[in-house]
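Index from 1, following the sequence. Below, all heavy atoms of this structure are taken into account, side chains as well, without hydrogens, waters or symmetry copies.
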Amino acid sequence: MTREAVPTRSPSPLLDWRVRFGLLALIWGFSFLFIKVGTDGFAPFQVTFGRLLFGTAVLALALVVKRDRLPRGARTWGHLAVAAFLLNALPFSLFAYAELTIPSTLAGICNATTPLWGMVLSLVALSEDRPTRVRAAGLGIGFVGVLTVLGAWQGFSGLDVTGTALALLASFSYAVGWIYVRRTLSGTGASHLSLATAQVGTATLQLALVTPFFTTLPDSVELLPLLAVIALGALGTGYAMLLQYGVVAEVGPTTASMVTYFIPVIATAAGVAFLDEHLAWNTPVGAAVVLLGAALTQTRASRRTAPAPALSQPVASTPPAPAAAAAGNPAEPRLPSSTVT
């Protein structure tokens with residue numbers, strides 16, 4: 001087995017990478033629960049704005065501590081504005097609206113379809129990505145998994161079609177965003193922290209402009225939804241990105257991207273345990289099939305020459321993510337999607 005190239009390590013961190021990996025999976029997995037609780041007290045756009053605001057605050061603080069600076073150049077900022085919309089403002093808002101009518105467990109599983117969308121789009125937009133039999137089989141398996149989760153054989157009975165479509169569209173947006181980022185923002189010279197802070201900050205401004213036109217201030221602010229939004233932003237968007245950077249730097253992007261496959265499992269467990277969400281047999285079975293298909297779509301054809309880095313898709317969430325960022329996670333370090341949602 002070929003070993004994954006690991007970047008030069010910085011001084012040993014306080015926590016072992018396995019602990020940080022597990023913490024990252026927990027944070028991104030619980031993000032769907034935080035969204036659900038947040039929408040109990042705030043409008044979806046308000047949840048998204050709060051998430052981005054607190055996420056930006058954490059990243060900006062890290063930028064100051066590391067004495068880094070924001071990227072320069074109008075062209076770079078133009079591309080960042082598009083990335084912010086596709087990877088943050090749009091999918092975060094879609095997931096928030098989706099969870100008004102669907103369980104957080106289903107939203108977490110829909111997020112896991114991002115690698116499937118990513119494969120389809122990469123075949124169209126990235127000439128270096130060639131289909132293989134294994135990857136094509138993974139796409140088919142993943143599609144069967146989605147139909148299993150949705151209960152296609154019973155006519156999607158009891159399923160909120162609009163909410164589910166919004167969650168799937170959010171995952172599709174992550175995939176489009178990562179293709180765009182890969183084609184436009186590689187080689188800018190700015191650090192990943194700098195680009196991520198600029199991206200999330202720009203998304204915050206986008207929501208600040210949109211939110212007043214679609215929402216009004218709540219009559220009262222309940223503590224639990226407020227804490228959920230703060231956790232969603234500070235932990236799920238800000239701190240999770242910083243965790244991901246550290247894990248990628250220490251063990252390499254391919255290993256770090258495996259966090260994607262834990263996110264729907266944790267999201268499902270959290271929804272059932274803390275929100276009393278119903279779990280029919282087809283939900284976990286379909287989710288497992290989706291993850292199997294997603295894993296197969298991330299394989300690359302072996303070469304006799306030195307192997308090229310494997311690509312992985314975002315989560316969201318972070319995810320985040322084969323989600324960084326997560327929703328969901330690039331095998332070559334790029335802007336995290338914070339997703340995982």
Side-chain angles (χ1 to χ4, degrees), residues 15 17-39 47 51 54-55 58 88 91-92 94-96 98-99 102-115 145 149 167-168 170-171 174 227-244 246-248 255-279 283-292 294-295 312-329 336-341:
L15 294 177
W17 74 267
R18 297 170 187 83
V19 176
R20 286 176 284 132
F21 181 96
L23 184 59
L24 182 59
L26 281 173
I27 291 173
W28 274 342
F30 269 82
S31 291
F32 297 96
L33 180 147
F34 293 148
I35 293 173
K36 192 73 170 178
V37 175
T39 55
V47 171
R51 173 183 189 172
F54 289 110
V58 170
N88 301 110
F92 289 3
L94 289 173
F95 272 121
E99 291 199 40
I102 67 172
S104 65
T105 53
L106 179 56
I109 294 169
C110 288
N111 182 76
T113 65
T114 298
V149 170
L168 290 172
S171 300
Y174 283 139
L227 292 176
V229 171
I230 293 173
L232 183 63
L235 294 177
T237 301
Y239 182 58
M241 281 189 174
L242 301 179
L243 278 176
Q244 186 189 41
V247 174
V248 169
T255 300
S257 70
M258 294 301 292
V259 71
T260 302
Y261 302 110
F262 293 89
I263 293 171
V265 177
I266 294 172
T268 299
V272 172
F274 296 100
L275 298 177
D276 294 324
E277 293 180 346
H278 176 67
L279 190 65
T283 302
V285 171
V289 176
V290 168
L291 293 177
L292 173 61
S312 54
Q313 301 300 329
V315 175
S317 138
T318 164
N329 314 332
S337 68
S338 309
T339 100
V340 83
T341 189

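To the nearest 0.5 Å, atoms CG (Leu227) and CG (Leu232) are separated by 12.5 Å. The CD1 atom of Ile266 lies 7.5 Å from the CZ atom of Phe30; values are rounded to the nearest 0.5 Å. Going from atom CH2 of Trp28 over to atom CZ of Phe34 covers 14.0 Å, rounded to the nearest 0.5 Å. To the nearest 0.5 Å, the span separating CG on Leu242 from OG1 on Thr237 amounts to 11.0 Å. Put simply, CG on Leu26 and CG on Leu235 are 11.0 Å apart, with the number rounded to the nearest 0.5 Å. In this structure, CG in Leu33 is found 4.5 Å from CG in Leu275, a value given to the nearest 0.5 Å.
Ala228 and Gly38 get closest at one heavy-atom pair: CB-N, 3.9 Å. Minimum heavy-atom separation, Arg51 to Val229: N-CG1, 3.8 Å. Considering every non-hydrogen atom in both Ala96 and Thr39, the closest pair reads O-CG2, 3.7 Å. Contact between Ala112 and Ala294 at its shortest, heavy atoms only, is O-CB, 4.2 Å. Asn111 and Tyr174 make their closest contact through OD1-CE1, 3.4 Å (heavy atoms, listed as atom of the first residue, atom of the second, distance).
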Next item on the list: Show your reasoning for whether side-chain contact (heavy atoms from CB on, under 4.5 Å) applies to Val289 and Val149.
Entry: CA-CA 9 Å; Val289 176; Val149 170; over 6 Å; no
Next item on the list: Test Thr283 against Leu106 for side-chain contact (heavy atoms from CB on, under 4.5 Å), laying out the working first.
Entry: CA-CA 8 Å; Thr283 302; Leu106 179 56; over 6 Å; no
Next item on the list: Show the numbers, then the answer: is there a side-chain contact (heavy atoms from CB on, under 4.5 Å) between Val58 and Met241?
Entry: CA-CA 10 Å; Val58 170; Met241 281 189 174; over 6 Å; no
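Phe21 is linked by a ring pair (Phe, Tyr, Trp, His ring centres under 6.0 Å) to Phe262, counting only residues two or more places apart in sequence or in another chain. Every residue meeting the side chain to side chain contact (heavy atoms under 4.5 Å, CB included) condition with Ala107, not counting sequence neighbours, appears here in chain and number order: Phe32, Phe95, Glu99, Ile102. The side chain to side chain donor-acceptor pair (under 3.5 Å) search around Ser104 returns Glu277, not counting sequence neighbours.
One N or O on the side chain of Ser171 and one on the backbone of Cys110 form a donor-acceptor pair closer than 3.5 Å. Proximity of a side-chain donor or acceptor of Ser31 to a complementary backbone N or O of Ile27 within less than 3.5 Å is detected.
Within the 4.5 Å cutoff, side-chain heavy atoms of Leu279 are placed close to those of Pro284.
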